[in-house]
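Input: a single structure, listed below in structure tokens.
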Amino acid sequence: MAIQSRILGTGHCVPERVVTNFDVEKMMETTDEFIVTRTGMRRRRHADASVSASDLAVPAVKAALADAHLTIDKIDLLIMNTITPDHMDPGCGFFLQGKLGMANTPVIDIREQCAGLIYELSIADQFIKTGMYKHVLCVCSEVLSKRIDCSNDGRNIGILLGDGAGAVVLGPSNDPNVGIKSSILHAEGTHAKVLYTEAPGTAMGKKAWVEKDDIDKGRTEFRMDGKTLFEKGVEWFSHSIFESFKKNNVSFDDLAMLIPHQPNLRMIEAIAVNVKVPKEKVFINVEDYGNMASACLPVALDQARKQGRVKPGDLVLLVGFGSGFVWGSVLVRL
Ligand SMILES: CC(C)(COP(=O)(O)OP(=O)(O)OC[C@H]1O[C@@H](n2cnc3c(N)ncnc32)[C@H](O)[C@@H]1OP(=O)(O)O)[C@@H](O)C(=O)NCCC(=O)NCCS
């Protein structure tokens, strides 16, 4: 019988420091009223200056391993996704692997922005199905507070950003009904500049990949066309949901919970109206944690499990969307 992979454990970690919209008002030219009406966010967590993405990931991994009743030596592969790496290179996964004491365990470092977990689960699923690896650790960690540009050019995205980390342990399922039913991946690079950071980079027509002028002109900061992102996001999120339903011959009646990436509340509400999903079937935590990029999905999944919003045997649809554009879904029976 073919091997199917399942979720064995989940964990997450968010910094203790709560940053309200009124705190954000002190950082940049904005208001609580603007943030609440346009994004639905009220607070987010920001890490202390000493904390890196791999630091934040370590407790999330430990919680996921404890949940899976596994020790780190049982992990055969680490997959890591972040847009806030410890250093420019090598990938953040290597720093995390070192901190976790996983000597000789292979690391795959991916850059799928807010859809990181969807790609990670899909990659892990292929390795487990073929029997190449038994236990795969998928980690998404973001310290976005270090990438906030408080100028008026950066405030449209700056207000959204929160820090967090989440981890998922995947392994073989001994029940054919339990596990990943499908993973569907998409990307569309012609819109890559809708949300991007120009520098450092080799495509600026200069000898050096970053100069003082690039820093002075804000080219090292996120730049976002929020309206285009909103429109494309709603379209592809909605498409992903029905695409997964069609592939698996299921509907919202079969689904216990839709867990979407948490870009902002208005966007999630627009998607919910578009696809006509009952509100109680959508997991939302964005008011309290903000947009933690790739960490949103594993944090939400862990909270949904630990809060009892989803339980063993439930069918859950994870949907991710991020800059690139990159998007996709994973349908899983817990
Ligand atoms: C970011 C977002 C809230 C901005 O709302 P919007 O109505 O599209 O805003 P615009 O960028 O068109 O700007 C409208 C006005 O608000 C201003 N503005 C933008 N950000 C602001 C802020 N944080 N505070 C106050 N004013 C702000 C703009 O300067 C502009 O002013 P102007 O009309 O005088 O030029 C909205 O586009 C959005 O939610 N987009 C999706 C973003 C997202 O989810 N990204 C996550 C990626 S996974």
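Sequential numbering from 1 along the given sequence is applied to the chain's residues. Atoms within a ligand are numbered from 1 in the order they appear, just like the ligands themselves.
In terms of polar-atom proximity, K227 is counted as a contact of ligand 1, with an N or O under 3.5 Å from an N or O of the ligand. In terms of polar-atom proximity, R38 is counted as a contact of ligand 1, with an N or O under 3.5 Å from an N or O of the ligand. By the 3.5 Å distance cut-off applied to N or O atoms, T31 is not counted among the residues near ligand 1.
Within a 6.0 Å radius of NZ in K306, other residues, nucleotides and ligands contribute more than 12 heavy atoms. Applying the 6.0 Å contact sphere to NZ of K134 captures no more than 12 heavy atoms from other residues, nucleotides or ligands.
Using a 4.0 Å threshold on non-hydrogen atoms, atom 30 (C) of ligand 1 does not count as touching the protein. At least one protein heavy atom sits closer than 4.0 Å to atom 3 (C) of ligand 1. Counting protein heavy atoms under 4.0 angstrom from atom 35 (O) of ligand 1 gives zero. Per-atom contact check: atom 16 (O) of ligand 1 touches the protein, criterion being a heavy-atom distance below 4.0 Å. For atom 39 (O) of ligand 1, a protein non-hydrogen atom is found at a distance below 4.0 Å.
Among protein heavy atoms, the minimum distance from atom 24 (N) of ligand 1 is reached at T30 OG1, 2.7 Å. Counting only heavy atoms of the protein, atom 28 (C) of ligand 1 lies nearest to R155 NH2, 4.0 Å. Closest to atom 19 (C) of ligand 1 among all protein heavy atoms lies F34 CZ, 3.7 Å. Summary of contacts: the protein heavy atom closest to atom 11 (O) of ligand 1 is N156 ND2, 4.5 Å. Among protein heavy atoms, the minimum distance from atom 43 (C) of ligand 1 is reached at L229 CD2, 3.6 Å.
Counting only non-hydrogen atoms, the option in T228, N264, L160, V286 that gets closest to atom 41 (C) of ligand 1 is N264.
Residue-level proximity to ligand 1 for I159 is carried by the side chain, the only part with a heavy atom below 4.0 angstrom.
Partners of S52 under the side-chain contact (heavy atoms from CB on, under 4.5 Å) rule, at least two apart in sequence or in another chain, are S54, D55, D86, K99.
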*Start with the C-alpha distance between D149 and R223, add both sets of side-chain angles, then the distance that settles salt bridge (charged side-chain N to carboxylate O under 4.0 Å, His left out), and finish with yes or no.*
CA-CA 9 Å; D149 168 19; R223 289 293 174 257; 2.9 Å; yes
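The aromatic rings of F242 and F252 lie perpendicular to each other, with more than 60° between the two planes, well past the 30° mark.
No hydrogens or angles considered: a donor-acceptor pair under 3.5 Å links the side chains of N248 and S182. With no hydrogens or angles considered, no side-chain donor-acceptor pair links T220 and D214 at under 3.5 Å.
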